[in-house]
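Read through the structure below, which is laid out as structure tokens, and then see the notes.
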Number of protein chains: 2
Amino acid sequence: MDAGLPAPDPPTTIAEFRARLATVNDRLPRRLQACAAHVAANMDRIAVSTVAELSARAGVAPSAFMRFCQILGFSGFSEMQRLFRDSYAPPWPDYATRLQNLKGAGAGSPAALVAEFVEAGHLSLESLAKSLDEAALAAAVDVLARADTIHVIGARRAFPVAAYLAYVFEKMAVPCILHDGVGRLDLRGALRPDDALLAISFAPYAPETLSLVEAAKDSGLPIAAITDHAASPLARLATATLSVPEVDFGAFRSLSATWALSLALAVAIGSSEDRHPDAKA
Amino acid sequence: MDAGLPAPDPPTTIAEFRARLATVNDRLPRRLQACAAHVAANMDRIAVSTVAELSARAGVAPSAFMRFCQILGFSGFSEMQRLFRDSYAPPWPDYATRLQNLKGAGAGSPAALVAEFVEAGHLSLESLAKSLDEAALAAAVDVLARADTIHVIGARRAFPVAAYLAYVFEKMAVPCILHDGVGRLDLRGALRPDDALLAISFAPYAPETLSLVEAAKDSGLPIAAITDHAASPLARLATATLSVPEVDFGAFRSLSATWALSLALAVAIGSSEDRHPDAKA
DNA sequence: CAGACATTAGAATATTTATTCCAAAAACAA
DNA sequence: TTGTTTTTGGAATAAATATTCTAATGTCTG
């Protein structure tokens with residue numbers, strides 16, 4: 001062997017990794033120093049690169065890069081990469097199993113249920129922050145802010161969201177019609193040329209919602225959609241599609257992320273320049 | 001071959017990818033739809049996963065996943081992955097810093113607003129977890145689980161919560177009446193001796209809600225209340241009071257905590273022994 | 001400058017991962 | 001039902017990738 005005992009235990013967090021990198025750096029052979037430098041400067045690419053790519057960019061041979069990983073305490077590059085891939089996000093929440101456990105263990109405890117829903121809410125919010133499509137959001141705001149009247153529709157589990165949006169719009173004096181289907185009244189006649197539609201729908205997509213969206217599409221109205229994923233039937237028809245990565249707990253959706261996104265959308269519209277061409281705070 | 005000409009040119013941006021995903025989704029075989037759904041919901045993991053992992057999570061065979069990639073226009077999984085790897089941005093150091101950046105960047109931008117609401121949601125959830133009154137929760141579950149029919153009321157900003165609770169109860173086959181005030185119909189005649197009332201109200205407390213609560217009180221019905229703090233007028237009348245420490249952002253309530261608490265309450269009631277004295281999965 | 005030792009690069013190998021192919025199963029049409 | 005087409009899962013193959021080994025090179029010491 002050579003330089004004493006490099007490091008028997010691999011780092012288990014990114015923070016630990018940083019620390020290890022710092023301690024190791026002195027008195028390292030030239031090529032390995034190059035590895036250290038390149039890794040430090042490009043930590044974000046480790047999760048998505050191969051040894052070949054990384055070593056080429058660092059200007060060293062792949063084998064040198066391997067040795068470097070081992071000096072850091074890993075068995076090889078793969079193990080090091082796994083650290084970065086896993087810490088990319090909490091490893092996929094397996095809610096099916098967790099629900100199962102809950103049923104088995106403390107099924108009776110409502111407090112445990114609250115904890116679960118709180119957790120689901122946190123995950124949803126975090127995931128929203130991570131995967132937000134800013135361009136689509138801007139487009140949705142734009143389209144809705146220009147509208148004379150905003151039509152809102154959402155059925156079943158999406159109804160509460162639609163209802164609250166209508167409430168918020170009303171508070172902000174934004175003209176708005178909620179298509180709530182009361183009395184089976186069909187309000188599609190209320191769609192006027194300069195209006196826009198905001199549709200909220202999650203799987204399984206309610207036919208009434210889809211039908212209104214299609215009607216709006218036929219009339220050439222712009223459509224903003226809040227839905228569960230980009231492959232939803234709404235996405236095809238909408239001018240701007242906002243997808244909310246909501247984490248379900250059991251059969252029930254926490255809606256935290258949907259809520260955050262919807263409110264932000266509403267407030268952005270309410271304070272938009274398009275809607276208030278003249279000055280306002 | 002089979003279905004005409006699927007897609008000769010692969011998407012070159014994430015936005016294009018989203019669009020392609022949306023167009024492709026109709027009239028797709030079952031397994032491939034599963035792929036589409038899973039990919040749409042977990043776009044952020046594509047860069048750091050293998051086909052084996054992704055297909056397993058989606059519950060399909062790897063070969064099916066490959067076919068899916070090709071339908072999307074890619075030559076295979078690797079090409080699709082390359083798209084995501086190139087535009088990969090890791091979320092660490094940590095989520096708080098990211099929000100900070102997002103806020104700092106464009107103070108007025110819709111994306112910054114989303115960040116604000118996400119933050120408010122996190123705080124609300126956290127404080128709910130800390131301040132939850134387990135005894136009151138247990139009491140509320142108890143009271144509502146024993147009821148023949150659960151009456152739900154919530155007006156204005158609390159209406160969405162009431163509406164969703166009614167939806168969830170219906171899904172769980174729990175008899176429930178939503179006092180939604182449609183047509184100014186007063187449903188208080190529907191309060192029967194063995195029923196219970198679940199009232200949701202935040203300041204300023206809607207008169208209709210208070211009025212129904214008083215009516216229930218007069219009839220001797222048990223009342224569970226979800227409200228903003230223990231000194232609310234509802235607390236005086238209710239059998240069990242759940243207070244939700246919601247964090248407001250601007251004039252608007254995030255409701256994340258209310259949501260988590262309400263769902264937990266509903267699920268606890270739905271799966272309660274009182275309601276299902278005989279066995280059920 | 002010679003000898004010992006440390007470091008390196010590239011070839012050889014092992015392992016993982018992607019991709020294709022085909023027979024069985026399922027869906028569909030007549 | 002039967003025959004036809006589509007869809008599926010798994011085994012077989014191909015490709016990419018990580019890892020180890022070794023000979024060669026470079027560096028340092030006396």
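These numbers come from the heavy atoms of this one structure, side chains and all, not from hydrogens, waters or symmetry mates. So you know, we letter chains A, B, ... as the sequences are listed, proteins then strands, and number each from 1. As the structure is a prediction and not an experimental result, all values here were calculated from the model.
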Review point. Who pairs with A:Glu79 by side chain to side chain donor-acceptor pair (under 3.5 Å), at least two apart in sequence or on another chain?
Key: A:Ser75
Identify all pairs in which a protein N or O lies below 3.5 Å from an N or O of nucleotides 16-19 of chain D, and state each distance.
{"unit_1": "D:dA18", "atom_1": "OP1", "unit_2": "A:Val51", "atom_2": "N", "d": "3.3"}
{"unit_1": "D:dA18", "atom_1": "OP2", "unit_2": "A:Val51", "atom_2": "N", "d": "2.8"}
{"unit_1": "D:dA18", "atom_1": "O3'", "unit_2": "A:Ser78", "atom_2": "OG", "d": "3.0"}
{"unit_1": "D:dT19", "atom_1": "OP1", "unit_2": "A:Ser78", "atom_2": "OG", "d": "3.4"}
{"unit_1": "D:dT19", "atom_1": "OP2", "unit_2": "A:Phe77", "atom_2": "N", "d": "2.5"}
{"unit_1": "D:dT19", "atom_1": "OP2", "unit_2": "A:Ser78", "atom_2": "N", "d": "3.3"}

Revision key, fill the gap. Sorted by chain and residue number, the ring-ring contact (aromatic ring centres under 6.0 Å, His included) partners of A:Phe65 (sequence neighbours excluded) come out as none
Check your understanding: Taking atom C1' of C:dT8 as reference, at what distance in whole Å does atom CZ of A:Phe68 sit?
Key -> 16 Å
Review point. What is the distance, rounded to the nearest whole Å, between atom CG of A:Leu28 and atom C1' of C:dT7?
Key: 11 Å
Check your understanding: Can you check whether A:Leu265 reaches B:Phe117 side chain to side chain, under 4.5 Å on heavy atoms?
Key -> no
Practice item. Report the residues that fulfil side chain to side chain donor-acceptor pair (under 3.5 Å) with A:Ser78, sequence neighbours left out, ordered by chain and then residue number. Key: none
Exercise for review: Provide, to the nearest angstrom, the distance between the CZ atom belonging to A:Arg31 and the P atom belonging to D:dT25.
Suggested key: 15 Å
Check your understanding: In chain order, what residues pass the salt bridge (Lys or Arg N to Asp or Glu O under 4.0 Å) check against B:Arg31, with sequence neighbours excluded?
Key -> none
Revision key, fill the gap. Residues at least two apart in sequence or cross-chain that pass salt bridge (Lys or Arg N to Asp or Glu O under 4.0 Å) with A:Arg67, listed by chain then number, are none
Taking only nitrogen or oxygen atoms into account, show me every contact under 3.5 Å that the protein makes with nucleotides 25-29 of chain C, one pair per line with its distance.
none

Exercise for review: Please state how far atom CZ in B:Phe65 lies from atom P in C:dT20, giving the value in whole angstrom units.
Suggested key: 15 Å
Check your understanding: For B:Thr23, what residues pass the side chain to side chain donor-acceptor pair (under 3.5 Å) criterion, not counting sequence neighbours?
Key -> none
Point to revise | side chain to side chain donor-acceptor pair (under 3.5 Å) involving B:Glu16 - partner list, sequence neighbours excluded | key: B:Thr12
